[in-house]
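Starting from 1, each residue takes its place in the sequence as its number.
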Amino acid sequence: MTDAFMNSSIMATLYSFTVGDSFDSTFSKVSFESQLFYNIAVAINFIEMLFDSHKLEVTAIIAELKPHSKYWYKNKALAYMHGYELLEDSDQFDTTGLTDALIAASKIVKYAAVVEKANVVYIKIAAVGLVKLTNDQEDGIVSYFKEVKDAGVKIEIINRDADQFKASIVIYYDPIVLNSSGINAVTGLESVRDAVKSFIASLPFNGEYRNNAFIDALQVLDGVVMAELVSAQTSIDGLSFTDVDAYATPDSGYMKLYQETDLQITYKVYETVSD
């Protein structure tokens, strides 16, 4: 703006400067003209930011409300209110007279993910604490989706206990920090076992488990020089197990170690090779 102002022959005549002169050399920072241009520039910039923010909000709303999208089905699962009726000819619940606390308490689905395979939309769900919904609650959400789903779309609700995770690992440790049972000399805790439990529990709902990320999480622990994965397996029934070939996504949406024997750890002292 200041360049255009200083290149104007009309302004040059009015202010008695030479066309092309520097604005900063001609007007002080506290002059009316400097303050005017500054305020205009700030206002324009603020308006541009408002429009950018508005565009992001509109884009997000469209993505959430777009029918037939997996994201739409996920949001519908999270919006389910157990114990309350849908408005007639609507996919919205009647919240008349309900407090925010009652509405929040009725939304029993805390985790949801949607995948599509062979023309079937699978909706994976879990309650607070990463546990399955009760049979009555599952019946309710199945009935709910029959009402709100798009016509002609085949859906299946997956409401199951966590997939079982089993692993066998070898830990090469520094005996200055850990003992032969993996106990940290300072904390008194078996840090490797605790880290495995934390890693599995922290996976995003329906997130991808990766063998390399699993090992990386162990090799940053104090006293762990090197970690070797012997095997990793998952199961949906606790009876038949499938080897994890590099990565896997839990069928139920989440996984856990059900018992201490699900994790087999062999500790070996790390010894450097020398002449």
Side-chain angles (χ1 to χ4, degrees), residues 70 74 77-78 109-115 122 124-133 158-275:
K70 290 185 288 187
K74 174 185 175 180
L78 294 172
V109 178
K110 301 302 180 183
Y111 302 90
V114 179
V115 296
Y122 294 90
K124 303 181 183 183
I125 56 175
V128 64
L130 276 177
V131 297
K132 63 179 292 187
L133 277 65
I158 297 179
N159 173 45
R160 293 204 304 261
D161 290 321
D163 292 14
Q164 186 171 354
F165 177 78
K166 293 175 65 174
S168 176
I169 57 178
V170 177
I171 298 296
Y172 293 87
Y173 68 95
D174 182 350
I176 296 176
V177 180
L178 305 178
N179 66 16
S180 58
S181 297
I183 304 300
N184 187 293
V186 175
T187 66
L189 302 174
E190 189 180 356
S191 55
V192 173
R193 186 172 295 273
D194 292 341
V196 171
K197 293 178 180 178
S198 177
F199 177 82
I200 297 301
S202 64
L203 289 173
F205 188 72
N206 204 49
E208 188 176 79
Y209 160 87
R210 298 179 181 178
N211 285 337
N212 62 345
F214 176 59
I215 292 302
D216 288 344
L218 303 181
Q219 293 187 145
V220 298
L221 299 174
D222 290 341
V224 175
V225 180
M226 185 170 60
E228 178 185 1
L229 179 64
V230 178
S231 66
Q233 298 177 311
T234 61
S235 172
I236 63 174
D237 56 13
L239 300 174
S240 57
F241 284 83
T242 302
D243 290 332
V244 177
D245 184 13
Y247 60 93
T249 301
D251 286 337
S252 64
Y254 55 114
M255 61 175 68
K256 74 174 185 178
L257 297 117
Y258 277 82
Q259 48 199 6
E260 292 299 312
T261 53
D262 285 342
L263 178 61
Q264 301 291 332
I265 307 176
T266 301
Y267 290 98
K268 294 184 178 181
V269 174
Y270 179 77
E271 297 178 349
T272 59
V273 178
S274 62
D275 296 331

Rounded to the nearest 0.5 Å, what separates atom [atom1] in [X] from atom [atom2] in [Y]?
X      : Y      : atom1 : atom2 : value
Ile236 : Asp251 : CD1   : CG    : 5.5 Å
Phe199 : Asp216 : CZ    : CG    : 8.5 Å
Leu263 : Lys166 : CG    : NZ    : 11.0 Å
Gln259 : Gln164 : CD    : CD    : 6.0 Å
Asp163 : Asp237 : CG    : CG    : 9.5 Å
Thr249 : Glu208 : OG1   : CD    : 5.0 Å

Pair Phe165, Thr234 - check side-chain contact (heavy atoms from CB on, under 4.5 Å), show working.
CA-CA 5 Å; Phe165 177 78; Thr234 61; 4.2 Å; yes

Which one of [options] satisfies the side chain to side chain contact (heavy atoms under 4.5 Å, CB included) criterion with [X]?
X      : options                        : answer
Ile125 : Leu78, Val114, Leu133          : Leu133
Asp222 : Thr187, Ile176, Val186, Val177 : Val177
Arg193 : Ile265, Leu257, Ile169, Ile171 : Ile265

Is it the case that the side chain of [X] and the backbone of [Y] share a donor-acceptor pair, with hydrogens and angles ignored and the cut-off at 3.5 Å?
X      : Y      : answer
Glu190 : Gly182 : no
Ser235 : Ser240 : yes
Ser198 : Asp194 : no
Tyr247 : Asn212 : no
Asn184 : Leu189 : no

Please find the pair of heavy atoms, one from [X] and one from [Y], that lie closest to each other, and give the distance.
X      : Y      : result
Val244 : Ala248 : CG1-CB, 4.0 Å
Leu178 : Ser191 : CD2-OG, 4.1 Å
Asn206 : Ala113 : CB-CB, 3.5 Å
Phe205 : Ser252 : CZ-O, 3.9 Å
Gly129 : Tyr111 : N-CE1, 4.3 Å
Ala227 : Ile215 : O-CG2, 3.6 Å

What I'd like to find out is whether the side chain of Ser180 reaches to under 4.5 Å of the side chain of Tyr173, using heavy atoms alone.
yes

Does atom CG (Asp245) have a neighbourhood of more than 12 heavy atoms from anything else shown, all under 6.0 Å?
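Open.
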
Relative to each other, are the rings of Tyr209 and Phe214 parallel, tilted or perpendicular (30° and 60° limits)?
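Tyr209 and Phe214: tilted rings.
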
Can Asp174 and Tyr172 be counted as having a side-chain donor-acceptor contact under 3.5 angstrom?
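Tyr172 and Asp174 do not have a side-chain donor-acceptor pair below 3.5 Å.
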
Taking the six-membered ring of Tyr122 as reference, does the cationic atom of Lys124 (NZ for Lys, CZ for Arg) lie under 6.0 Å from its centre and within 45° of its axis?
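Output no; distance or angle outside limits.
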
